[in-house]
Amino acid sequence: MSRPLRIGITCFATYGGSGVVATEVGLGLAARGHDVHFIARSLPFRLPVGAPGVTFHPVHEPDHAVLRPDSAYPIALASALIEVSRQHQLDVLHVHYAVPHATAAWLARDVLGPDAPALVTTLHGTDITLVGSDSTYLPIVRASILKSDAVTTPSAWLREATWQRLDLPRTLPIDVIANFVDATAWYPAAQPDRAPLRALFADLAPHEAVLAHVSNFRPIKRLQDVVAVFARVHAQRPARLLLIGDGPDRVAAEHQLVALGLSDRVAFLGRKQRFLPWLQAADVFLLPSENESFGLAALEAMAVGLPVLATDVGGLPEVVVHGETGWLSPLGDVDAMAHHALQLLADPALQSRMGGAARARVLAAFQPDAAVARYEAVYRRVLAKNDRR
Ligand code: GMT
């Protein structure tokens with residue numbers, strides 16, 4: 001049997017899909033007997049303290065008057081990667097999000113020399129589409145990717161975008177390993193339970209429809225379209241909207257709701273560690289993003305048995321099967337999305353069939369064991385190639 005590996009994982013610790021995926025990969029690897037070390041600014045938000053087989057190493061960032069906050073983060077991270085690699089004789093560094101993690105890892109490996117761990121970089125989307133392909137960063141992001149022993153993306157769409165936007169040769173192998181969710185942690189309610197909703201809306205009537213959206217409320221998520229779809233649905237039938245998360249577009253959405261006279265129909269739940277009961281109480285999930293490399297929030301909703309109404313962009317068509325587990329609409333087509341929502345809400349049998357198909361798809365194609373086994377296979381492949389064993 002192959003020996004367990006010593007694996008360092010770096011990710012952003014704050015609310016966001018890349019940190020969630022990194023955390024779940026680390027926990028899955030530890031469950032398979034590997035020795036996992038998270039090296040991050042703070043404890044990743046979904047990483048339980050004291051998880052077996054997992055050690056957390058915070059990146060030390062002293063407060064120096066001459067350095068602007070953040071400016072020294074890549075150097076501080078590279079130093080931490082060097083320390084942890086040496087101290088724990090890491091076999092692999094697996095960094096999530098290229099900017100600046102792949103660059104810091106490249107620097108650390110350069111310093112470590114022949115004893116350096118192998119480097120696996122997982123791209124997550126905005127590191128390529130927004131930041132990575134901004135000409136300011138492009139040469140270094142491109143070089144950091146080329147310096148990695150293996151590169152992975154959560155969708156075939158992001159692999160294509162990476163080759164194209166960074167002008168990389170298609171001979172550069174990029175493994176597509178889809179994101180995943182634990183279907184035992186994200187599941188439909190055994191019995192419909194409106195109690196979590198009544199805690200939010202004291203005047204909730206029995207047959208009101210509930211739409212839900214989860215994101216970091218950045219402009220790319222198009223929160224204004226979530227509100228516009230909801231307004232169209234509400235004009236046809238009584239409905240409520242659950243907005244889970246927080247971010248820069250929250251205030252604009254609040255103003256939009258006031259102008260529409262819909263503030264009392266909407267609950268802002270803020271950033272929640274656990275929001276399963278609210279997804280379980282919802283009927284439909286909305287994700288009208290301008291772009292998504294994958295759309296982990298949609299997958300979590302699908303695991304809970306919710307049909308997903310999303311835009312036909314990026315990697316979303318690899319997650320949502322149009323007409324089967326939800327519907328995909330052109331970007332900005334809030335009329336189409338509202339039409340689909342009303343169609344579902346008017347037909348409980350359709351809603352339940354699509355919700356069931358959504359959960360079945362998650363169980364068939366997006367489960368942790370298979371994905372974590374694929375990451376492990378990538379590690380072993382690069383280690384064998386680097387002739388380290
Ligand atoms: O979507 C965000 O703004 C957060 C971002 C992140 O880096 O955490 O999410 C990206 O990675 C997720 C995990 O792979 C994907 O599910 C999201 O689709 C992707 N976001 C974008 O591509 C905009």
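We count ligands from 1, going down the list as the structure has it; atoms in each ligand are counted the same way.
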> Mind checking whether His101 and His96 have ring centres under 6.0 Å apart?
Replying inline: no
>> Looking only at the side chains, is there a donor atom on one of His213 and Ser215 sitting less than 3.5 Å from an acceptor on the other?
In response: yes
>> Among residues at least two apart in sequence or on other chains, which ones pass side chain to side chain contact (heavy atoms under 4.5 Å, CB included) with Val258?
In response: Ser263
> Do you know the tightest heavy-atom contact between Ile174 and Thr153?
Replying inline: CG2-CG2, 3.7 Å
> Can you check whether Phe366 and Trp186 have ring centres sitting under 6.0 Å from each other?
Replying inline: no
> Do you know the tightest heavy-atom contact between Pro44 and Phe38?
Replying inline: CG-CD2, 4.1 Å
I'd like a table of the close N/O pairs between ligand 1 and the protein (anything under 3.5 Å), one pair per line with both atom names and the distance.
| unit_1 | atom_1 | unit_2 | atom_2 | d |
| --- | --- | --- | --- | --- |
| ligand 1 | 1 (O) | Lys221 | NZ | 2.6 |
| ligand 1 | 3 (O) | Asn216 | ND2 | 2.8 |
| ligand 1 | 3 (O) | Arg218 | NH2 | 2.6 |
| ligand 1 | 7 (O) | Ser18 | OG | 3.2 |
| ligand 1 | 8 (O) | Gly17 | N | 3.0 |
| ligand 1 | 8 (O) | Ser18 | N | 2.7 |
| ligand 1 | 8 (O) | Ser18 | OG | 3.0 |
| ligand 1 | 11 (O) | His124 | O | 3.2 |
| ligand 1 | 14 (O) | His124 | ND1 | 2.7 |
| ligand 1 | 14 (O) | Asn179 | ND2 | 2.8 |
| ligand 1 | 16 (O) | Gly295 | N | 3.1 |
| ligand 1 | 16 (O) | Leu296 | N | 3.0 |
| ligand 1 | 18 (O) | Glu292 | OE1 | 2.5 |
| ligand 1 | 18 (O) | Ser293 | N | 3.3 |
| ligand 1 | 18 (O) | Phe294 | N | 3.2 |
| ligand 1 | 18 (O) | Gly295 | N | 3.0 |
| ligand 1 | 20 (N) | Glu292 | OE1 | 3.4 |
| ligand 1 | 22 (O) | Ser293 | N | 2.8 |

